[in-house]
Amino acid sequence: MSELRQVVAVLYIGIGSLRERYTTAFVIVIGMACVVGVLTSMLSLTAGMAAAYLRPRDAARAIVWADHAVFDQSLSLKPEDVATVLDTPGIAKAPDGTLLADAEFTMDTLPVEGYAAGSLKVDGLGPAGVALRPEFKIVSGRTFRPGARELLVGVGAARKFRLAVGSQIRLRDGAWPVVGVFSCGSDIIESHLVGDAVTLMAARRASGFAHVLVQLASVDAYPAFQNWLIRNPALSVFVERTTDYDRRALGVHAAFFTGMAYVISAIMALGALFAVLKIMYGAVRARTREIGTLRAIGFGAAPVALSILLEAALLAAIGALIGAVLAWILFDGRDIWVWGAFKLHIPPSLWLLGLAWGVSTAVLGGLLPALRAGRLTPVEALRSE
Amino acid sequence: MKLFPLAWAALWRNPTDSLLLIAGLSVGFALFGAMIAVNAAYQRAIDDLRMDRLIVSCAFDCGAIPIGYREQLARIPHVTAVAGQMWIGEHEEDARQPITVMFVDEAMHSAWPEFPMSAADWRALAVSPSGIFLTRKAAVRRHFHIGDSVAMYSGRDGTADGTGIWNFTVLGFIPDLPGWESASEGPDWNRDTIVGNLRYMQNWGRPDESSFVTVMRVAVDHPESARAVCREIEARYTNANPALRCVPARDDAQELADANINMRQISLGIATAGLFMILFLCANGIAESVRERLREFGTLKALGFGDGRIATLVVLETAIPTLLAAVIGGAIALAINVVVARLVTLGAINMPDLPLSPSTFGLALAAALAVALLSALAPLYRLRRIDVASAVAGR
């Protein structure tokens, strides 16, 4: 009999005997379900954030910040700096000849009852703001008119703060009506309100911008664009591709939590590993005579050991799948607010990670019992009680 | 106690199994203890803040409140003290080392008496306007010593003389503030608490900023007055320039926690999953042990052991490893907390200190006992129903 067939045969016998050992098998399954359930549930948050921040974007898009002010709350980019940035060669133009670049900023509104200050933000967009975001579309109402005190609300913010067309947002110069609801392909901007930058700036009584968003003529235009700005003695700015900015922003919000998810899952996996060790040792002990008989009729040590490992891996895989399914049922698609609206997401990669996590824990835990089973000689095995 | 040697002997009947069981349970309890500590830490970060301390800021992120508002606010009924604070910063001499100084006025020790500076510290700050106090964690992170001179650069237009350089002397260190900062660090802001004298900022900073503060701290006479006083402040300043927003410090912390990742809920969920794992592992261990020793239990019954004594023996057999594991797990959780505290001090992670209090240990032990009792239920039911003759005969 080939070694592979021997492995299958021993595994088949082992699985058949699970009926007598169902409680111990159950412990591996439940343990792995807990480990993988916790891992996938926690990572569903960062996967949801990554889906919002790291959407496929045009690599020819760049963002220009005032030096030392590389996040949205700053207003350090003066209008004259913006004019210089817009003069930089390499910026793409719309069919009507206007530049595809926009000076923008983000400001806080009065906190919504029960939410922290800064939870609800307003973005000031310029004339090219919408053209720079191809996914931007009005889902109800209409868009704001330049120069008018009107706002649009993103679908995420609308859901979270129960805002709709007709809602009033209090800004410094009075109440601004919400005239439309927009979506933007799950971009983080869906968690904000947007309005005309110049009008908002007058209401804010401030003259600075946070950044200039730029569509370059081509991906290759970026190095020259960056050099031109950095070497311009009249400017003190920092330039990066929007894809780099997205990664940076995700890192700020999700790095700690992702690390925590892995550390906690590793601790849980260690506990599960001890459980697998104990249970598989018990399984080898319970099947000692059976293993002895198999070895006596010609089964090799390696197929016996491998079948023990496979049994542990199979039980762990079932547990991992149960954990991932439970996490998916409970969390996938659920709305969550972490300084912005996200949807918890369990993508196929997370299912695979959970499965690999559970199976590798079980294989590690089953290794020593498998070696013990492989080393059993037929004589000592058959003599055991 | 007479049953203890029997239970102990039963536990070590199979040393490998018992050690693996205790190891698995210890890891489970370590996780449970650490998660309970995380939960308590985030809750304490809110509970430590008081309702009768109000935070008053610009309603529309102007970032500058006229210092003259201080006297007006002090005249509002139930207000007992008002103080101003202002943050200025950019970087130390080394441009890669960001620094932010929180300048406070002399009324701060009345408006925020819980702020961990002693009367002597306040006096020292009053007589040395360019002095600063740092929290202990900040001092460790920055390698500062008492008496050190520290230069801060805040941009050329940041000071009256146009150099943008501020010179400070480290006067001392203060205990770390409760809670944590959930805001992101950036070049303009970092979370180290460094306290300076507002008078220095007024004399050395930009003249147009000298009569402004970022935030007013207001103390009220009773926690029950807090929300009413806040409403009164917002109503009085609704049409002022700038309009004001007021929130009690505890409400502010609660809202901040709710806007962020809900660590209290998550830690409870993980602790529950950990406890669930412990329960299954423990129940399986005792069920296996009883199944393998049915003859022994039959003999004990034949010798006159009643159901009560048998039950006590089984519970004891379950309780010994779980209690041992709870103690070992508690010690591991303590070690985890020490590592986390060190990482927080070094600035590698940002979360509140994890206090592993006696109550956390007590909770772990109580959980261990509850798990032991629950795990023993099924084997006990089986033992009550065994037929002594069949058990002794090994059938």
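The chains referred to below are lettered A, B, ... by the order of the sequence lines, with proteins before strands, and numbering in each begins at 1. Only this structure's heavy atoms are used, side chains among them; waters, hydrogens and symmetry mates stay out.
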Audit row: A:F274, B:L21, side chain to side chain contact (heavy atoms under 4.5 Å, CB included) steps and yes/no:
CA-CA 7 Å; A:F274 284 125; B:L21 176 68; over 6 Å; no
Going through the checks in order, is the side chain to side chain contact (heavy atoms under 4.5 Å, CB included) test met by B:V340 and B:I336?
CA-CA 6 Å; B:V340 168; B:I336 291 173; 4.2 Å; yes
Would B:E288 and A:K278 satisfy side chain to side chain contact (heavy atoms under 4.5 Å, CB included), going step by step from the backbone distance to the final call?
CA-CA 11 Å; B:E288 207 172 317; A:K278 178 184 179 300; 3.7 Å; yes
Go through it in stages, so that I can follow the logic: the residues are A:V276 and A:T361, the test is side chain to side chain contact (heavy atoms under 4.5 Å, CB included), and I'd like the CA-CA distance, side-chain angles, deciding distance and then a yes or no.
CA-CA 8 Å; A:V276 173; A:T361 304; 5.6 Å; no
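For the atom pair CG of A:L151 and CD of A:Q168, the computed distance is 9.5 Å after rounding to the nearest 0.5 Å. Remark: B:F32 CZ to B:L275 CG distance equals 5.0 Å, nearest 0.5 Å.
When the side chain to side chain donor-acceptor pair (under 3.5 Å) test is applied to A:R159, the partners found at least two apart in sequence or on another chain are A:D335. Taking B:R13 as the reference, B:E292 meet the salt bridge (charged side-chain N to carboxylate O under 4.0 Å, His left out) condition, with sequence neighbours excluded. By the salt bridge (charged side-chain N to carboxylate O under 4.0 Å, His left out) test, B:R217 pairs with no residue at all, sequence neighbours left out.
Proximity to chain A (any heavy atom under 4.5 Å) is shown, for B:A287, by neither the backbone nor the side chain. Contact of A:I336 with chain B is not made at all, since no heavy-atom distance falls under 4.5 Å. Neither the backbone nor the side chain of B:N239 comes within less than 4.5 Å of any heavy atom in chain A. If you measure heavy-atom distances from A:L273 to chain B, you find no contacts under 4.5 Å at all. Contacts of A:A272 with chain B are made by both backbone and side-chain atoms, with heavy-atom separations under 4.5 Å. For chain A, the nearby parts of B:L281 are the backbone and the side chain; heavy atoms of each come within less than 4.5 Å. If you measure heavy-atom distances from A:I30 to chain B, the contacts under 4.5 Å come from the side chain alone. Looking at B:L25, neither its backbone nor its side chain comes within 4.5 Å of chain A, counting heavy atoms on both sides. Heavy-atom distances place both the backbone and the side chain of A:V338 under 4.5 Å from chain B. For chain A, no part of B:S267 is nearby; none of its heavy atoms comes within less than 4.5 Å. Contacts of B:D17 with chain A are made by both backbone and side-chain atoms, with heavy-atom separations under 4.5 Å. Looking at B:Q254, there are no atoms closer than 4.5 Å to chain A (heavy atoms on both sides), in backbone or side chain. Contact of B:N241 with chain A is made through the side chain alone, with heavy-atom distances under 4.5 Å. Interface remark: A:T24 contributes backbone and side-chain atoms alike to the contact with chain B (heavy atom separation under 4.5 Å). Using a 4.5 Å cut-off between heavy atoms, B:T16 touches chain A through its side chain atoms alone.
Taking all atoms of both residues into account, the shortest heavy-atom contact from A:A320 to A:M32 is N-CB, 4.0 Å.
Using cut-offs of 30° and 60° for the angle between ring planes, the A:W65 and A:Y245 rings count as tilted. Taking the six-membered ring where tryptophan is involved, the planes of A:Y53 and A:F342 are tilted, since the angle between them lies from 30° to 60°.
Within residues 254-261 of chain A, the residues approaching chain B closer than 4.5 Å by heavy atoms are, in numerical order, A:F256, A:F257, A:M260.
A salt bridge does not link B:E234 to A:R170: none of the charged side-chain nitrogens sits closer than 4.0 Å to a carboxylate oxygen.
Considering only heavy atoms from C-beta on, B:M277 stays 4.5 Å or farther from B:L31 through its side chain.
Comparing A:V35, A:L110, A:V263, A:I279 by heavy-atom pairs within less than 4.5 Å of chain B, the highest count is held by A:L110.
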